[in-house]
Amino acid sequence: MSMQTDVQVSQVLTADGQFTDQASATIGRARVKAVYIIPSATAGSVVFKNGGASGTTIMTLNTVASATQPTYVLFPGEGVLFSTNVHGTVANVGSVTIFYG
């Protein structure tokens with residue numbers, strides 16, 4: 001059994017939409033390894049969906065009400081699988097970046 005070690009970083013997502021790679025292409029099937037969120041002064045959340053805006057919700061991460069306290073979440077093992085693509089719905093969040101492979 002081989003281990004996946006190539007990790008890439010998305011462009012910053014500041015509004016609802018598909019996560020894209022550094023060349024602005026939609027990220028397809030991927031395992032999200034980590035998430036970095038810059039919150040706003042109001043508590044917020046990021047909803048991660050597989051398959052676009054109307055796709056299946058895979059996870060929701062809530063943020064604290066602090067524009068100076070970023071949230072970093074490292075997922076265990078091989079990460080969280082998104083079999084189609086990775087979509088983010090943001091509420092009261094400055095930006096979101098994913099680390100994926």
Side-chain angles (χ1 to χ4, degrees):
M1 177 176 180
S2 65
M3 206 167 174
Q4 183 182 18
T5 56
D6 293 336
V7 177
Q8 299 175 41
V9 181
S10 72
Q11 287 190 5
V12 174
L13 185 73
T14 57
D16 296 355
Q18 301 288 0
F19 281 92
T20 58
D21 63 18
Q22 295 301 313
S24 299
T26 297
I27 297 169
R29 178 184 170 94
R31 290 185 178 272
V32 174
K33 311 285 188 161
V35 175
Y36 184 74
I37 303 170
I38 303 294
S40 67
T42 306
S45 65
V46 181
V47 178
F48 293 87
K49 295 184 178 186
N50 180 55
S54 61
T56 303
T57 297
I58 301 297
M59 65 181 158
T60 301
L61 297 177
N62 296 317
T63 66
V64 296
S66 172
T68 60
Q69 188 174 349
T71 301
Y72 177 73
V73 180
L74 178 64
F75 299 109
E78 293 295 314
V80 179
L81 177 63
F82 289 79
S83 59
T84 305
N85 54 44
V86 186
H87 181 277
T89 302
V90 298
N92 296 322
V93 168
S95 67
V96 184
T97 304
I98 62 170
F99 299 81
Y100 67 97

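Classification of the Tyr36-Tyr72 ring pair by plane angle, with boundaries at 30° and 60°, yields tilted.
Asn50 CG to Thr56 OG1: the interatomic distance, rounded to the nearest 0.5 Å, is 6.0 Å. Note that the NE2 atom of His87 and the CD1 atom of Ile58 stand 13.0 Å from one another [nearest 0.5 Å].
Cluster membership for Val90 and Leu61, using ILVMFWY side-chain heavy atoms within less than 4.5 angstrom, is shared. When the side chains of ILVMFWY residues are joined at heavy-atom separations under 4.5 Å, either directly or via intervening members, Val64 and Val73 end up in two distinct hydrophobic clusters. Cluster membership check: Val32 does not share its hydrophobic cluster with Val47, using side-chain heavy-atom separations under 4.5 Å among Ile, Leu, Val, Met, Phe, Trp and Tyr.
Taking both residues in full, the closest heavy atoms of Asn85 and Ile27 are given as CB-O, 3.2 Å, listed atom of the first, atom of the second, then distance. Residues Phe48 and Ile98 approach most closely at CE2-CG2, 3.9 Å, considering heavy atoms.
Contacts classified as side chain to side chain donor-acceptor pair (under 3.5 Å) and involving residues 7-26 (residues at least two apart or in different chains) are given here: Gln8-Tyr100, Gln11-Ser24. Evaluation of the side chain to side chain donor-acceptor pair (under 3.5 Å) test over residues 60-70, restricted to residues two or more places apart or in two chains, returns Ser66-Thr68.
A heavy-atom distance below 4.5 Å is found between the side chains of Phe75 and Val35.
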What pairs of donor and acceptor atoms, side-chain ones from residues 37-46 against any protein atom, are under 3.5 angstrom apart with sequence neighbours left out?
unit_1: Ser40; atom_1: OG; unit_2: Thr42; atom_2: N; d: 3.4
unit_1: Ser40; atom_1: OG; unit_2: Thr42; atom_2: O; d: 3.1
unit_1: Ser40; atom_1: OG; unit_2: Asn92; atom_2: O; d: 2.9

